[in-house]
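Since the structure comes first, as structure tokens, the remarks are kept for the end.
So you know, we letter chains A, B, ... as the sequences are listed, proteins then strands, and number each from 1. Model, not experiment: these values are computed from the prediction.
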There are 2 protein chains.
Amino acid sequence: MNDSPRRKELTRQAAQLFVQEGFDRTTVRMLAQEMGIKSGSLFHHFRDKQEILAAVIEEGTQNALAIARETLQQCDSTPEARLHAMARAHLETLLTDRNAHVVALYEWRRLDTAARDHLSHLRDAYEALWEQVIDEALAAGLIHGDRFLVSRFVMGALNWTVRWYDPSGPRSPEDLARELVAMISSPTA
Amino acid sequence: MNDSPRRKELTRQAAQLFVQEGFDRTTVRMLAQEMGIKSGSLFHHFRDKQEILAAVIEEGTQNALAIARETLQQCDSTPEARLHAMARAHLETLLTDRNAHVVALYEWRRLDTAARDHLSHLRDAYEALWEQVIDEALAAGLIHGDRFLVSRFVMGALNWTVRWYDPSGPRSPEDLARELVAMISSPTA
DNA sequence: GTCTATATAAAGATAGAC
DNA sequence: GTCTATCTTTATATAGAC
């Protein structure tokens with residue numbers, strides 16, 4: 001539709017509800033109430049409910065991608081440090097904001113075909129960054145195994161944290177990132 | 001309600017739809033059609049839609065628990081072999097059957113409070129088996145790290161396979177289990 | 001850009017016959 | 001145990017005034 005600041009703000013609020021309730025359980029009336037408007041007004045900003053989801057997921061993936069690029073640019077040291085920085089950045093977008101990135105991961109299946117086609121290149125770009133960091137770690141002998149499987153296992157371990165992580169608990173996203181890297185690293189490297 | 005063989009069969013069919021479409025998107029009419037009956041007849045077997053979900057999740061968790069117990073009883077060798085056997089069993093219930101265990105993991109949040117209370121002990125028993133196997137591996141020096149975090153990272157890596165695994169691809173659940181154990185094992189152990 | 005009012009469709013669930 | 005028929009509620013989405 002458009003790309004106004006208003007729409008950005010509404011998208012941000014929608015993300016929060018989608019995380020809390022899930023996309024299917026979130027009604028347009030709930031969304032409108034969260035935004036402080038009536039349900040009819042919502043459709044001035046978005047064509048339909050699907051478009052809200054697409055906007056949230058686009059925002060979440062773009063943000064994660066931008067942060068990951070920045071992280072890798074700033075952290076130009078060992079493969080271990082870079083892997084740790086990526087894991088930390090990933091966890092922070094998932095666990096601290098608790099927003100659009102979570103929706104991008106957990107509600108991707110709810111996108112219609114057109115939206116998936118439009119957004120898959122963003123997701124692919126983000127995953128490509130991960131594979132690059134994994135490759136570096138493999139090449140350095142920090143970790144071992146199949147490139148494809150290691151990437152997916154690591155992403156799985158990280159993404160599943162959304163299900164059990166307690167923000168009020170003793171562990172920070174950085175703690176988790178450190179422990180994960182330690183878990184898969186060969187101590188002899 | 002009851003526990004007839006008929007109800008068991010209907011539960012099995014419901015599981016398949018819940019995996020394919022997700023619980024919220026699966027309508028009682030879809031369920032009825034899959035079962036070869038009309039939607040009104042469904043409520044002879046289940047009080048409401050929630051009860052179908054609870055039946056599926058109970059079945060999925062009980063089955064996973066039974067298989068895990070059997071696996072650990074039969075595999076009484078090294079901590080590495082036991083860890084591998086558990087991972088393999090877990091992946092097979094998720095990826096080969098593609099059924100009730102997937103629903104148990106991915107639709108748990110959709111259970112109402114009463115059902116969660118009733119089923120959480122089953123889930124806890126299953127997770128306790130995992131922690132036991134993780135503990136053995138830690139004690140043997142096969143893996144390193146925090147007991148709690150290692151368990152959750154491993155479960156995350158395994159559970160996330162549902163999202164990307166291709167049953168028609170070259171890798172078997174056993175391949176995945178082997179690679180995962182290799183990824184987290186210290187080669188010096 | 002937001003409102004009220006409402007159209008339209010689909011959902012979960014029930015009643016009573018067979 | 002299954003059917004048909006239907007009630008009731010709730011959902012997405014639209015139209016037109018302000």
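Checked against the 6.0 Å centroid threshold, A:His101 and A:Tyr126 count as a close aromatic pair. Between A:Phe153 and A:Trp130, the distance separating the two ring centers is not shorter than 6.0 angstrom.
Following rounding to the nearest Å, B:Leu31 (CG) and C:dA10 (P) show an atom-to-atom distance of 17 Å. The nearest whole Å value for the distance from the CD atom in B:Glu51 to the C1' atom in C:dT14 is 16 Å. We find that NE2 of A:His44 is positioned 12 Å from P of C:dC3, with the value rounded to whole Å. The nearest whole Å value for the distance from the CD atom in B:Gln33 to the C1' atom in D:dC3 is 16 Å. Rounded to an integer number of Å, the gap from CG of B:Leu42 to P of D:dC3 is 10 Å.
Listed for the A:Gln13 side chain is no donor-acceptor partner under 3.5 Å among the backbone atoms of A:Met35.
Contact check, A:Arg7 against C:dG1: no side-chain N or O comes under 4.0 Å of OP1 or OP2.
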Please encode protein proximity along nucleotides 4-18 of chain D as a string of B, S and -, counting only heavy-atom distances under 4.0 Å. B------BBBB----
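With a 4.5 Å cut-off on side-chain heavy atoms, A:Leu94 and A:Leu105 count as touching.
Judged by a 6.0 Å distance limit and a 45° cone about the ring axis, A:Lys49 is positioned over the six-membered ring of A:Phe23.
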Test side-chain contact (heavy atoms from CB on, under 4.5 Å) applied to A:Arg123 and A:Glu127, step by step: CA-CA 6 Å; A:Arg123 197 194 52 176; A:Glu127 291 187 355; 4.1 Å; yes
